[in-house]
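Heavy-atom basis, side chains included; hydrogens, waters and symmetry copies ignored. Each chain gets a letter, A, B and so on, in the order the sequences are listed, and its residues count up from 1.
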Amino acid sequence: MIRDDLVSALAAALAAVGVDPPDKGIQLERPARREHGDWSSNVAMMTAKKAGRNPRELATELAERLRADPPAHVADVKVEGGGFVNFHLAPSWLHAVLGDIVEAGDDGYATHTIGTGERVMIEFVSANPTGPVHVGNGWFASYGDALGRVMERCGYRVQREYYVNDTGGQIRALGGSILARAKGEPVPEGGYASAFVKVLSSAYDGPDDVTAAGRWAAEHIVGFIRHQMEAVHIDYDEWYSQASIEDSEAVGETVALLADKGLVFERDGAMWLRTADFGDPRQERVIRKADGDYTYLAGDLAYHRNKFMVRGFDRVINVWGADHHGQVASLAAGVEAMGIARDRLEIRLGQMISLTSGRMSKRAGNAVDLDDLVDEIGPDAMRLLSLLNSIDQSVTIDLDKVRSESKESPVYYVQYAHTRIASIGRVADERGVVRRPLESVDLGLLQHERELEVLRSLSELPDVVLLACTERAPHKVATWVRELADRFHGFYHDCYVMGEGIDPELTQARLWLVEAARVGFKVGLDLLGVSAPESM
RNA sequence: GCCCUCGUAGCUCAGGGGAUAGAGCGUCGGUUUCCUAAACCGUGCGUCGCAGGUUCGAAUCCUGCCGGGGGCGCCA
């Protein structure tokens with residue numbers, strides 16, 4: 001790797017001038033501006049003060065030594081700005097990248113091993129089965145699934161799970177709504193007045209019992225949610241029923257586990273968990289109410305005991321909306337109280353998704369069902385659109401705009417680039433142009449700025465994937481793939497692969513460039529769960 | 001009141017210690033005998049909420065304030 005070569009060359013130069021490397025190690029970054037070279041280091045500025053040196057002078061000295069014995073591909077080393085050491089590389093470094101990409105291929109390029117086979121569960125969406133999931137849920141669905149794909153590419157073994165809240169007060173409220181509707185009565189206070197529930201109620205022929213009706217309805221609704229998820233190509237490994245936990249001994253066993261640790265006490269007829277030693281500002285939480293029912297927390301702790309101690313996941317990532325922030329401290333404390341290391345549970349809070357018409361609410365009935373939007377714009381547009389934002393950003397969706405722009409959606413911009421690649425392949429076949437083996441092709445002919453820009457983007461993909469993984473930020477892949485499309489369209493426009501006046505040797509080199517770009521699009525789009533069509 | 005989170009171009013958002021802060025949409029104009037114009041090129045667009053602090057360097061980290069959103073149940 002070129003980066004490693006440059007870092008060790010810098011380390012050697014630093015040692016030669018008698019300056020200790022910075023505590024954080026030698027950093028190398030890609031400058032934002034082309035004129036600052038291909039790779040840039042700030043070592044001189046980092047170390048100058050401690051070494052009692054002037055940063056620019058130190059940088060100049062380093063540059064001189066590096067120029068005297070330059071690492072491979074280094075054309076020039078310049079000192080710019082306040083003391084940056086900038087490496088200006090020959091295009092040959094990008095030709096080497098091209099070789100790496102096509103050799104690694106779709107399954108190998110931009111893979112990492114940092115996950116070391118760790119088993120991680122990502123639980124996401126888990127919306128209550130009281131109605132179809134809406135567009136906001138869809139945003140989190142894209143996130144959770146793409147995060148899983150990114151982590152898989154980094155060596156994690158990922159399980160995707162949907163926690164089905166098919167018990168408790170809201171299920172009884174749902175059952176009450178079903179029963180009322182079935183009898184032609186108005187939906188009771190706090191019930192679910194949606195059209196979906198109304199339609200569902202006409203099919204109910206079970207007992208006149210809110211719990212039975214609620215569970216029946218929830219089961220049907222989960223079936224529909226599953227269908228909605230399939231429509232955006234999300235395939236959960238497990239739909240885990242909360243009722244199954246509560247129906248089993250799991251909650252009692254969990255409470256017993258905590259009681260054994262001396263953390264459970266009774267007061268006012270209720271059972272409490274002492275959470276003070278585990279970072280919970282509230283210090284104590286009710287786990288069993290005075291009426292004898294366990295609280296949601298107790299069930300949730302049992303569920304997490306199941307995730308960690310029964311099913312043995314090394315790491316659990318819960319993707320929650322910011323409106324569940326209030327649950328974080330109690331769950332994290334309870335999990336730690338069970339003796340599970342705190343860093344094994346990650347809770348990613350996504351900011352709220354709203355429509356320009358206001359916040360979506362299932363009860364209020366102003367939510368837009370995910371499948372309705374997907375029917376209009378397609379699953380690929382839905383997924384790319386939702387992955388263009390960080391989940392740390394609260395987003396406002398203008399549905400009218402999304403619909404009207406669907407023809408110029410970023411997803412088509414990216415997919416169109418991929419179809420152009422396929423098209424080049426088809427035309428090559430028609431014209432009998434055969435791509436020769438890479439070893440016999442002179443990649444050195446790739447000198448056009450458009451060509452180099454494509455290769456620069458491709459060279460960044462491994463870093464992007466790694467960062468997307470460690471920061472749990474799959475949207476970085478979306479941003480990257482759009483940039484690759486931008487550069488590929490530029491190349492396509494200015495650099496004909498075949499045609500009049502194109503040297504056959506250049507055609508060969510460009511065919512390999514196109515193949516490398518194809519790998520980039522394939523990898524990037526796969527990570528996002530977006531299809532890579534051959535034609536549109 | 002306390003806690004969390006966000007505030008970047010007209011709009012939707014990237015960038016989250018590094019050099020002159022970016023993209024898409026929207027505005028206006030241009031490009032096609034050749035691999036699909038779902039494309040390309042040009043054009044304008046900013047007190048990075050405000051004020052301090054840390055740093056060689058802050059949109060980025062810290063503190064306070066302002067503004068938006070969310071949360072503070074023996075609900076789930």
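- Classification of A:Arg456 and A:Glu449 as a salt-bridged pair holds, one side-chain N sitting under 4.0 Å from a carboxylate O.
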Nucleotides 2-11 of chain B: protein proximity per nucleotide (B base, S sugar-phosphate only, - neither; heavy atom, under 4.0 Å): -BSSSS---S
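- Side-chain atoms of A:Arg282 lie closest to B:G73 of the nucleotides B:A76, B:G73, B:G69.
- Contact check on A:Glu61 versus A:Arg53 returns a salt bridge, with a Lys/Arg side-chain nitrogen under 4.0 Å from an Asp/Glu carboxylate oxygen.
- With respect to the salt-bridge test (charged N to carboxylate O, under 4.0 angstrom), the residues A:Arg288 and A:Asp268 do not qualify.
- Listed candidates were B:A76, B:G70, B:A38. Nearest to the side chain of A:Met536 is B:A38.
- For A:Met352, the listed nucleotide lying nearest its side chain is B:G70; candidates were B:G70, B:C35, B:A19.
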Base-contact (B) and sugar-phosphate-only (S) positions in nucleotides 56-63 of chain B, heavy-atom cut-off under 4.0 Å, - elsewhere: B-------
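- Residues forming a side chain to side chain donor-acceptor pair (under 3.5 Å) with A:Asn306 (at least two apart in sequence, or on another chain): A:Tyr240, A:Arg311.
- With hydrogens and angles ignored, a donor-acceptor pair closer than 3.5 Å exists between the side chain of A:Ser40 and the base of B:A19.
- Here A:His475 does not pack flat against the base of B:A14, since the 5.5 angstrom centre distance and 30 degree tilt limits are not both met.
- Taking atom P on both B:A59 and B:U47, the two are 14 Å apart, rounded to the nearest angstrom.
- Residue A:Ala290 has its side chain nearest to B:C74 when only B:A76, B:C74, B:G24 are considered.
- A cation-pi arrangement is absent between A:Arg285 and A:Trp272, since the terminal nitrogen or guanidinium carbon is not both under 6.0 Å from the aromatic centre and inside a 45° cone about the axis.
- A:Asn86 and A:Trp39 form no side-chain donor-acceptor contact under 3.5 Å, judged by distance and modelled atom types alone.
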Where do N or O atoms of nucleotides 40-44 of chain B meet protein N or O atoms at under 3.5 Å, pair by pair?
unit_1, atom_1, unit_2, atom_2, d
B:C40, OP1, A:Tyr413, OH, 2.4
B:C40, O3', A:Arg450, NH2, 3.3
B:C40, O2', A:His493, ND1, 3.1
B:C41, OP1, A:Arg450, NH1, 3.1
B:C41, OP1, A:Arg450, NH2, 3.0

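- With pairs defined as Watson-Crick or G-U wobble and both atom distances under 3.5 Å, the stems of at least three pairs that touch RNA chain B come out as B:1-7 with B:66-72, B:10-13 with B:22-25, B:28-31 with B:39-42, B:49-53 with B:61-65.
- In terms of position on RNA chain B, the residue among A:Tyr492 and A:Val395 whose nearest nucleotide sits closer to the 5' end is A:Val395.
- Between B:G22, B:A76, B:C13, one nucleotide has an atom nearer to the side chain of A:Gln170 than all others, and that is B:A76.
- Residues from residues 452-469 of chain A that place a heavy atom under 4.0 Å from any atom of RNA chain B: there are none.
- At the heavy-atom level, A:Ser535 lies under 4.0 Å from base atoms of the strands shown.
- Stacking between A:Tyr296 and B:C75 is absent: the aromatic ring centre is not both under 5.5 angstrom from the base six-membered ring centre and within 30 degrees in plane angle.
- Counting any heavy atom pair closer than 4.0 Å across all strands shown, A:Glu35 reaches a base atom.
- One donor-acceptor pair, N or O on each side, does fall under 3.5 Å between the base of B:A19 and the side chain of A:Asn86.
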